[in-house]
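Just below is one structure, and these are the notes that go with it.
In what follows, every heavy atom counts, from backbone to side chain, and hydrogens, waters and symmetry copies are set aside. Residue numbers begin at 1 in each chain, while the letters A, B, ... track the order of the sequences.
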Amino acid sequence: MHDINFIRENPIQFDNAMKQRGENPLSKKILEIDLKKRNTQTLLQNLLAERNELSKKIGEFKSKNKDCTDDLKRVEKIKLEINTLKELENLKNDELKSILSRLPNIPHETTPIGISENDNQLYREWGQKPQFDFKPKQHFQIGEDINMMNFEIAAKLSGSRFVVLKNKLSKLERAISNFMLDKHTTENGYSEFSLPYLVKDDALYGTGQLPKFSEDLFTAGENHWLIPTAEVPLTNLVRESNLNINSLPMRVTSYTPCFRSEAGAAGKDTRGMLRQHQFTKVELVSIVEPEQSNQELERMLESAESILKDLNLHYRVMTLCTGDMGFAAQKTYDIEVWLPGENNYREISSCSNCGDFQSRRMNTKYKKSDKNLFVHTLNGSGLAVGRTLIAIIENYQTSDGNIIIPEVLRKYFNNETTLL
RNA sequence: GGAGAGAUGGCUGAGCGGUUGAAAGCACCGGUCUUGAAAACCGGCAACGGGGCAACUCGUUCGUGAGUUCGAAUCUCACUCUCUCCGCCA
């Protein structure tokens with residue numbers, strides 16, 4: 001949610017920011033509604049003040065048995081006006097909120113300006129593409145060859161974009177998530193949470209998925225939605241609260257399934273388990289003071305990268321451009337892992353600084369030198385487990401159709417070195 | 001699923017139609033005392049919004065939303081959540 005004061009004071013800057021994100025300039029319209037709202041409010045409040053005064057007077061008079069029919073008549077008339085103005089004020093409030101809640105965050109000054117993913121910038125790379133003396137296969141070929149990855153059965157159960165894993169591959173997925181959680185909780189300073197996978201509208205509004213992106217979500221019953229990412233319950237842990245400054249920075253993590261309708265992705269990545277309706281992910285969330293959020297984003301990125309480094313998977317980090325960033329973000333780094341079977345880099349993590357965009361929606365503040373200020377929130381994948389599984393399968397495949405178990409995962413496999 | 005109780009400031013908790021934005025305690029901040037600290041004592045301490053250069057002033061807020069009333073934390077209705085007991089159950 002945007003700060004209306006910022007728009008009042010910097011309408012041109014605001015419009016430029018929205019333009020960079022592919023939105024129309026709306027500051028003029030917003031400020032018009034805002035002005036109407038405030039004028040209405042002033043009139044309304046004057047009447048309320050008068051009513052309060054008269055009521056007090058009437059109370060006194062009645063207790064003394066004095067006549068006050070004139071005041072009663074006046075107050076009755078005021079009440080009608082109050083009702084009219086209240087309705088108008090509510091209307092303007094709703095209009096304003098409806099516009100503001102659907103506009104994306106203002107990009108950070110270091111976010112490159114651009115239209116599509118083609119304008120994203122390389123931030124850094126790590127490692128090297130592995131060399132194969134055979135043609136590396138794609139993950140689903142390998143998974144199906146070893147009979148541990150089954151899309152047909154999944155389709156019978158649930159339709160397209162689902163997968164069934166079994167035996168060692170299923171165990172590998174579990175090992176990956178354990179490894180990530182262990183690393184983040186012991187070395188990277190995050191506290192682990194077990195969370196609800198069903199949430200209410202309010203939580204999704206808080207992180208920005210609602211009201212604009214309901215098509216991307218699955219519903220569950222009348223009042224619940226399936227979480228599209230643990231960012232939602234993790235970040236909303238601090239909703240509607242006034243945090244003690246001593247509890248900041250707050251770093252939390254959780255391993256959860258994620259559910260996405262992939263409404264806009266029809267026909268995209270249909271083969272394999274790259275883009276599923278359901279996948280698991282270890283999420284990182286930080287709640288910090290505003291001055292710290294930029295460096296916290298770097299720290300979060302490094303936490304995510306540390307997993308890939310330990311797994312010895314080659315990757316590159318991209319700084320997303322204004323046109324490619326998510327709704328709530330002011331700056332985002334994507335980590336793209338190298339997939340030799342696909343001969344391509346693929347997003348495996350996305351780390352974003354949301355500034356105070358989400359904390360305004362959630363009403364999360366902290367007190368600093370007697371002032372209540374909005375916190376900054378950050379979230380990042382650390383990492384997407386399904387895609388990490390894909391990366392391991394493709395990068396660690398052998399010519400005879402086996403998969404080498406990455407060293408850091410062997411402790412979860414009784415020190416075995418290969419999957420088969 | 002059945003029966004009952006409740007939701008008040010950062011926390012505990014009083015108030016149940018008219019200076020109650022709300023007693024008291026805790027926490028917190030400032031002061032006195034002390035070599036320093038603690039204790040004790042004194043003082044301060046809600047949020048959000050409108051108007052104003054400002055001092056300041058006005059409004060809203062006692063789970064949420066409607067209603068009754070000149071006036072609602074207090075009365076009515078609906079909803080949400082929490083707790084206790086019974087039943088069922090991983």
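- Under the Watson-Crick or G-U wobble criterion, with both distances below 3.5 Å, C81(B) is paired with G6(B).
- Atom CZ in F61(A) sits about 15 Å away from atom C1' in G71(B), given to the nearest Å.
- No N or O donor and acceptor, one from the side chain of Q41(A) and one from the base of G51(B), sit under 3.5 Å apart.
- Residue L85(A) forms a side chain to side chain contact (heavy atoms under 4.5 Å, CB included) with just one option from N46(A), T42(A), L47(A), and that option is L47(A).
- No engagement by R360(A) is indicated, since no non-hydrogen atom pair under 4.0 Å with the nucleic acid exists.
- Between the CD1 atom of I78(A) and the P atom of G59(B) there is a distance of 12 Å, rounded to whole Å.
- Across all strands shown, A72(B) remains unpaired; no Watson-Crick or G-U wobble contact has both distances below 3.5 Å.
- Residue K57(A) has no polar side-chain atom (N or O) positioned under 4.0 Å from OP1 or OP2 of G18(B).
- N242(A) has no side-chain polar atom (N or O) that falls below the 4.0 Å cut-off from OP1 or OP2 of A47(B).
- Taking only side-chain atoms of L48(A), from C-beta outward, the nucleotide of G50(B), C70(B), G59(B) with the closest atom is G59(B).
- Figure legend: K368(A) and Y366(A) shown without cation-pi pairing, the cationic atom not lying both under 6.0 angstrom from the six-membered ring centre and within 45 degrees of its axis.
- For N52(A), the side-chain atoms get nearest to G59(B) when compared with the rest of G51(B), C70(B), G59(B).
- Remark on RNA chain B: of its neighbouring residues N39(A) and G59(A), the 5'-side contact belongs to G59(A), judged by nearest-heavy-atom nucleotide.
- Base pairing of A90(B): no nucleotide in any strand meets the Watson-Crick or G-U wobble criterion (both distances under 3.5 Å).
- Side-chain N/O atoms of E231(A) and T207(A) include no donor and acceptor closer than 3.5 Å.
- Closest to the side chain of S55(A), out of C70(B), G59(B), G51(B), is C70(B).
- Applying the Watson-Crick and G-U wobble criteria (two distances, each under 3.5 Å), A27(B) pairs with nothing in any strand.
- Spacing between U60(B) and G65(B) at atom P, rounded to whole Å, works out to 15 Å.
- G50(B) atom P lies 9 Å from atom CD1 of I4(A), rounded to whole Å.
- Nucleotides of RNA chain B nearest to K79(A) and N223(A) differ in position, and the one nearer the 5' end is that of K79(A).
- Between the NZ atom of K97(A) and the P atom of G49(B) there is a distance of 14 Å, rounded to whole Å.
- The side chain of R51(A) contributes an N or O atom lying less than 4.0 Å from OP1 or OP2 of U60(B).
- Using modelled atom types and a 3.5 Å distance limit, the side chains of Y333(A) and E298(A) yield a donor-acceptor pair.
- Looking at heavy-atom distances under 4.0 Å, N372(A) makes contact with sugar-phosphate atoms alone, never a base.
- A sub-4.0 Å separation between OP1 or OP2 of C48(B) and a side-chain N or O of K365(A) is present.
- Nucleic acid contact for L54(A): none, since no nucleic acid atom lies under 4.0 Å from a heavy atom of the residue.
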**Request:** Report the C-alpha separation of I393(A) and L169(A) in whole Å, then their side-chain angles, then the decisive distance to 0.1 Å, and conclude whether the side chain to side chain contact (heavy atoms under 4.5 Å, CB included) test is met.
**Result:** CA-CA 9 Å; I393(A) 293 173; L169(A) 218 45; 4.0 Å; yes
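- For the pairing with R251(A), the salt bridge (charged side-chain N to carboxylate O under 4.0 Å, His left out) check across E283(A), E187(A), E296(A) returns one residue only, E296(A).
- Pair check for A40(B) finds U32(B); Watson-Crick or G-U wobble, both atom distances under 3.5 Å.
- Of the listed nucleotides (G51(B), U60(B), C58(B)), C58(B) has the atom at the smallest distance from the side chain of A49(A).
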